[in-house]
2 protein chains.
Amino acid sequence: MADLVYQQVITDLNKRIMANEFADKKLPDERSLSEQYQVSRSSIKRALNVLANQGLIFKKRGSGTFINPLYLKNQSSFKYEGTNLGITDSLNTEGAQPSIQLLDFQVIPASQELQQDLFLASDEFVYEIKRLRLLDNQPFMIETGYIPIKLVPELNREIVSKSIFTYVQESLKSAVTKSFLSISADVSTAEDQKLLALKPTEPVGVMSGIFFLDEGTPFEVSNMRLHYKYMKYTTFVSTEQ
Amino acid sequence: MADLVYQQVITDLNKRIMANEFADKKLPDERSLSEQYQVSRSSIKRALNVLANQGLIFKKRGSGTFINPLYLKNQSSFKYEGTNLGITDSLNTEGAQPSIQLLDFQVIPASQELQQDLFLASDEFVYEIKRLRLLDNQPFMIETGYIPIKLVPELNREIVSKSIFTYVQESLKSAVTKSFLSISADVSTAEDQKLLALKPTEPVGVMSGIFFLDEGTPFEVSNMRLHYKYMKYTTFVSTEQ
DNA sequence: GAGTGGTCTAGACCACATA
DNA sequence: ATGTGGTCTAGACCACTCG
């Protein structure tokens with residue numbers, strides 16, 4: 001997992017930053033780091049770029065590389081880094097016990113939209129998996145997912161009652177590492193209100209997206225309706241190229 | 001803006017992809033591209049990495065580089081790329097005419113939270129800027145922003161009634177290129193309902209965040225409450241490093 | 001002018017895919 | 001075996017900051 005040079009540097013710098021080794025909020029310059037770690041300056045740059053994209057540090061040409069003070073202050077906002085894309089992981093589940101209740105599980109022909117999104121032919125089938133997710137026995141999300149049967153022909157109720165991504169990673173040896181996500185809000189339906197214990201005036205957060213395997217195959221289309229108090233999607237955006 | 005080698009390659013490849021020059025959805029291999037563009041393979045890799053992070057292409061080791069079919073199908077989802085972080089830009093404003101109505105504009109002492117987020121001392125002041133944003137005269141967002149006065153001492157009602165980020169870019173010669181964003185949903189308040197023409201049962205989307213200047217200075221804290229039909233935040237997530 | 005990050009190159013070698 | 005992307009290096013030169 002971490003036999004790559006630049007990843008080792010990332011891991012180590014992360015540790016050093018967390019240990020508050022750089023009390024002045026300034027990292028050594030790249031040439032010194034290259035010397036310290038006995039690796040090329042290019043590898044140092046690569047590591048620093050990753051950390052900068054995560055929002056942990058920022059670089060000023062001509063001045064040096066600095067630790068983002070907000071990162072230390074507000075570490076929980078940055079939780080997203082380093083986790084996988086599994087839903088449970090992308091939420092603030094701190095300490096709470098997640099569980100899953102299977103609401104529905106069947107195989108249906110792929111609708112036209114699903115054919116497009118999952119790159120299927122018109123006669124192909126998908127699993128429809130509807131699950132209620134809970135934290136400490138409090139329901140917080142209704143999730144409806146669609147997965148082409150040809151990708152995982154052996155799914156069953158047992159598997160589907162746990163983390164599908166974990167199963168996929170083990171059986172297909174390909175992780176889910178990419179997704180398109182679209183985030184919005186909506187008035188709650190009667191079903192939402194019942195399942196998520198919402199009052200009629202209370203809304204749901206909606207996250208829908210397509211999840212991809214490592215090598216680019218679209219794996220799942222997912223529609224998630226969340227209790228509005230539980231939806232908090234935090235992200236660091238940088239428009240630099 | 002585009003005198004850098006790798007950016008020129010990005011621009012050109014973008015054009016060629018959009019022109020459907022690669023009908024087989026496969027790009028030439030990196031060594032050929034290096035030859036074609038007369039630049040090093042490293043520069044080609046850098047360009048391809050940017051495009052891959054944007055979700056436009058994906059690479060398979062041992063096989064080649066491919067165009068993401070979903071990108072072409074669903075270009076509007078990907079609009080976020082290449083724009084700046086201005087709110088109006090990050091929303092789907094396609095064709096509609098954006099405008100701004102200034103609701104409130106004053107200077108206040110920074111609260112403790114603002115002091116933390118904007119990295120201020122306890123006696124510093126911020127502008128409080130409350131604006132209603134409209135599209136084709138339809139209100140869709142209430143935005144409350146806080147900006148340290150020391151960063152832009154000369155703000156006035158005139159400036160603030162337009163795009164602040166554009167003004168900053170011109171006067172400070174530093175663009176706003178990074179942000180932390182937190183996205184959630186909420187029940188609408190009486191004020192929301194009045195300003196955004198919402199029914200009592202209809203919710204608002206909430207986006208709050210901190211915007212940074214190029215060089216890392218936190219520039220603005222912003223709280224945005226959106227008509228739920230207008231909030232659609234789309235993003236491409238990749239957990240690879 | 002000295003220090004620091006940014007860009008770019010040319011080339012070596014590795015890991016994976018496909019036939 | 002060949003082709004493809006991934007990692008890594010060593011070094012040149014540029015652009016910006018600051019004293």
Side-chain angles (χ1 to χ4, degrees), chain A residues 1-11 13 22 24-53 56-68 172-175 177-178 213-217 238 240-241, chain B residues 1-11 13 22 24-53 56-68 172-175 177-178 213-217 238 240-241:
Chain A
M1 173 119 271
D3 52 344
L4 297 184
V5 168
Y6 75 91
Q7 286 185 350
Q8 287 175 14
V9 174
I10 290 173
T11 307
L13 281 179
F22 310 108
D24 54 353
K25 301 284 172 265
K26 188 173 187 311
L27 263 58
D29 71 277
E30 298 181 347
R31 287 157 181 93
S32 307
L33 287 171
S34 161
E35 182 69 20
Q36 271 182 39
Y37 285 104
Q38 285 294 302
V39 303
S40 73
R41 186 175 161 222
S42 313
S43 296
I44 296 294
K45 288 184 93 55
R46 182 162 188 179
L48 292 179
N49 280 335
V50 172
L51 295 174
N53 285 334
L56 206 162
I57 60 176
F58 55 92
K59 308 191 252 184
K60 290 191 187 188
R61 189 201 298 229
S63 306
T65 302
F66 304 85
I67 296 169
N68 181 349
L172 298 189
K173 278 184 226 138
S174 184
T177 52
K178 304 187 181 72
L213 298 177
D214 248 355
E215 21 82 352
T217 315
S238 168
E240 281 165 9
Q241 291 189 335
Chain B
M1 173 115 269
D3 53 343
L4 297 183
V5 168
Y6 75 91
Q7 287 183 350
Q8 288 175 13
V9 175
I10 290 172
T11 307
L13 280 178
F22 310 108
D24 54 353
K25 302 286 173 263
K26 188 174 189 308
L27 262 57
D29 71 277
E30 297 180 348
R31 288 158 179 93
S32 308
L33 287 172
S34 162
E35 182 70 21
Q36 270 181 41
Y37 286 104
Q38 285 294 302
V39 303
S40 72
R41 187 175 160 221
S42 314
S43 296
I44 295 294
K45 289 185 92 55
R46 183 162 187 180
L48 292 179
N49 280 335
V50 171
L51 294 174
N53 285 333
L56 206 161
I57 60 175
F58 56 90
K59 309 191 250 182
K60 289 192 185 185
R61 187 198 298 227
S63 306
T65 302
F66 303 86
I67 297 170
N68 181 348
L172 298 188
K173 279 185 226 138
S174 183
T177 53
K178 304 188 182 73
L213 298 176
D214 247 355
E215 22 81 353
T217 315
S238 167
E240 281 165 9
Q241 289 190 338

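Just so you know, these numbers use all the heavy atoms, side chains as well, and skip hydrogens, waters and symmetry mates.
- The side chain of B:R41 has D:dG6 as its nearest neighbour among C:dG5, C:dC8, D:dG6.
- Between C:dA10, D:dC18, D:dC8, one nucleotide has an atom nearer to the side chain of A:S40 than all others, and that is D:dC8.
- Taking atom CD on B:Q8 and atom P on C:dT9, their separation rounds to 11 Å, with Å as the unit.
- The distance from atom CZ of B:R61 to atom C1' of D:dT7 is 8 Å, rounded to the nearest whole Å.
- Not one side-chain nitrogen or oxygen of A:Y6 sits closer than 4.0 Å to the OP1 or OP2 atom of D:dC8.
- Contact annotation: A:T65 side-chain N/O to C:dG5 OP1/OP2 distance is under 4.0 Å.
- Taking every side-chain heavy atom of A:V5 into account, D:dC8 is the closest of D:dC8, C:dG6, D:dG5.
- Annotation: the span from B:K178 atom NZ to A:N68 atom CG amounts to 9.5 Å, rounded to 0.5 Å.
- Within the structure, every side-chain polar atom (N or O) of B:K60 is placed at least 4.0 Å from both OP1 and OP2 of D:dT4.
- With C:dT9, D:dC8, D:dG6 as the candidates, the nucleotide lying closest to the side chain of A:L4 is D:dC8.
- Residues B:I67 and B:F58 approach most closely at O-CE2, 3.9 Å, considering heavy atoms.
- Both B:S42 and B:S32 sit near DNA chain D, but only B:S32 has its closest nucleotide nearer the 5' end.
- The side-chain heavy atoms of B:S42 and B:Y6, taken from C-beta on, include no pair separated by under 4.5 Å.
- Counting heavy atoms from C-beta outward, B:L51 and B:T65 have side chains that stay 4.5 Å or more apart.
- Put simply, NZ on A:K26 and NZ on A:K60 are 10.5 Å apart, with the number rounded to the nearest 0.5 Å.
- The CG atom of B:D3 sits 12 Å away from the C1' atom of C:dG6 (whole-angstrom rounding).
- Atoms CZ (A:R46) and C1' (C:dT7) sit 16 Å apart, rounded to a whole Å.
- Taking only side-chain atoms of A:S63, from C-beta outward, the nucleotide of D:dT17, C:dT7, C:dG5 with the closest atom is D:dT17.
- In this entry the distance linking NZ of B:K45 with P of D:dG5 reads 7 Å, nearest Å.
- Closest approach to the A:R31 side chain among D:dT4, C:dT4, D:dT7 is made by C:dT4 (side chain taken as heavy atoms from C-beta onward).
- Following rounding to the nearest Å, A:D29 (CG) and C:dA2 (P) show an atom-to-atom distance of 16 Å.
- Note on B:S43: only backbone sugar-phosphate atoms sit closer than 4.0 angstrom, heavy atoms only; bases stay farther off.
- Distance CD1 (B:I44) to P (C:dA10): 12 Å, rounded to an integer number of Å.
- Atom C1' of nucleotide C:dT4 and atom CZ of A:F66 are separated by 9 Å, given to the nearest angstrom.
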